[in-house]
Amino acid sequence: MVRISEIPSWLKLVEHHSKISKLNLNEIFGSNRIEKLIFEEENILVDFSKNHITEETLELLVSLAKELQLEKKIEMMFAGERINFTESRPALHIALRNLSNYPIKVDGVNVMPKVNAVLLKMKLFTESIQDGTWCGFDGERITDIVHIGIGGSDLGPRLICDALEEYRNKNLKVHFVSNVDGLDIHATLKCLNPKTTLFIIASKSFTTPETLINANTAKEWFLKHTGANENAIAKHFVAISTNEEACFKFGIPKENMFTFWDWVGGRFSLWSSIGLVISLYLGFDNFTKLLAGAHKIDTHFRSTTFEKNLPILLALLTIWYNNFWNYLTYAIIPYDLRLRLLPDYLQQLIMESNGKRINSEGKVIDYCSSPIVWGRIGTDSQHSFFQLLHQGTQIVPLIFVGVAKPSHNLSHHHDVLIANMIAQSEALMCGKSSNEVYDELSQRNLTREEIEKILPHKIFPGNRPSTTIFLRELNPETLGSLLAIFEHKVFVEGTIWDINPFDQWGVELGKELAKKVLNQIEAGKVDENQNLSTQKLLLYYLKNKENL
Ligand code: F6P
């Protein structure tokens, strides 16, 4: 097969880059950019205009996507083909939110009846917790839900419950436990009443050590503090998994299991029964609205021309900076506290999906795949790392995410917050020239020498790109749409880089070695046939752990 970096549209982009990289963003900024590069949908506006792109750039990037058969690959995904080619599975998260209920087939069988049956089970369970028909073992109502899971079985539900807290069921509190650090579960359990607590054990595989260790600790704690027998577990533990047998072994009865399927990737699973905690906390209607928001984007993604297709444009922009400008990181900065967990969630979605180096033919690729994604809430981040973004030597494209309607009455606060977001994108692009700095300093009572000394430090080079995603308001539907946009962006990028965004073999080796290391810790004996650094670290730990 031809190498991607040698196909005509890639080569044209290389040539185009050498021309456009000489131009300053401010120079290419004409009024027609607003029409061409700002997209306004029903509830969302995406401003691409402050990026190093012109109409020609977009045409070339779209040609690249076409040349690499993106259209066909999108259809393959929606048709349930085995696009997860290393695990020979479809990637059908779109079926989980297919509220139009059109048939989606895997091996000729429509999966929608199964999807709908699980949704119905989630709805009934949610109602029974809410109206109190489901109680604890001695008849008390459930007041607290503890969701135990990690990675894709944690980050999505955690983000949504946090972001949409204003929609919550006031009679329930939710807690998330993911880390195997005992502090996590200890801090959670110490303020709970076991008789009114429901544990959700969320694990696609039901073999993830962190989750199973936490689940076992929760079970022991429950039995110890209630004095109840094992039968009581049925009223306090439910499981979400594709592995029924393992759930049963853990002690969770079949009727307390909410299933999903191997064609749902962990980090794409919040729309499945993994989202049960969302339904319990926010209500099933709001969970449905979340699905509806994502479904809207699925339709947009599948049917909108590439030139106006939001996930595709965002993906192409990432490819443009990553592969042609050599900008190897980008940051996501939400200007809304409700979205404070968005960077965490996106780090897994993006980097676990596309942090790969082997293509569909099993060859090492000769171009960069996923950039490093990072970020933090604004305005706090302005007072930590924005210095580097404005005046450092590395260029980091940014994605700002803002919400026009605040969730509180302190409108002045919101005005200031949003003013900062808009101002940052402007400052990054426009910068401050030496003339401007000179004029400013001249107003002060400084000597020429003093001015010359300080002047270079006060220059902002500008010409630094950013994209702004603005939501009209944050509600279950718009949040569903936002996350689905990023999911499809990830798929498009993986498709263009010819890697598989749906596996995650890269997390396995560390897990295997952790088992070996743990065996030595438990035996109190260090294996002398391993590298000296590991031996030294183990000895240090064994010597000092009791002193804690
Ligand atoms: O980090 C690896 C990973 O496999 C993720 O992809 C997944 O979301 C997470 O672990 C948890 O896995 P599980 O849901 O099987 O417990």
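Note that the numbering runs from 1 along the sequence shown for the chain. We count ligands from 1, going down the list as the structure has it; atoms in each ligand are counted the same way.
When non-hydrogen atoms are compared, ligand 1 lies under 4.0 Å from the side chain of Q504 (C-beta onward) but not from its backbone.
Proximity of the aromatic rings of H236 and F137 is defined here by a centroid distance below 6.0 angstrom, and this criterion is met.
For atom 13 (P) of ligand 1, the nearest protein heavy atom is under 4.0 Å away.
Heavy-atom proximity to G151, at under 4.0 Å, picks out these atoms of ligand 1: 8 (O). The distance from ligand 1 to the heavy atoms of T208 drops below 4.0 Å at these ligand atoms: 12 (O), 13 (P), 15 (O), 16 (O).
Between I150, D503, T207, it is I150 that holds the heavy atom closest to atom 11 (C) of ligand 1. With atom 2 (C) of ligand 1 as the reference point, the heavy atom nearest to it among I201, L349, V507 is part of V507.
At under 3.5 Å, a nitrogen or oxygen of E352, whether backbone or side chain, sits near a nitrogen or oxygen of ligand 1.
Using a 30° and 60° split on the angle between ring planes, H225 and W221 fall in the tilted class, from 30° to 60°. Using cut-offs of 30° and 60° on the angle between ring planes, the pair F491 and F301 is perpendicular.
Two residues are said to be in side-chain contact when any heavy atoms from C-beta on lie closer than 4.5 Å; I319 and E493 meet this criterion. Between L68 and L64, the closest side-chain pair of non-hydrogen atoms falls below 4.5 Å.
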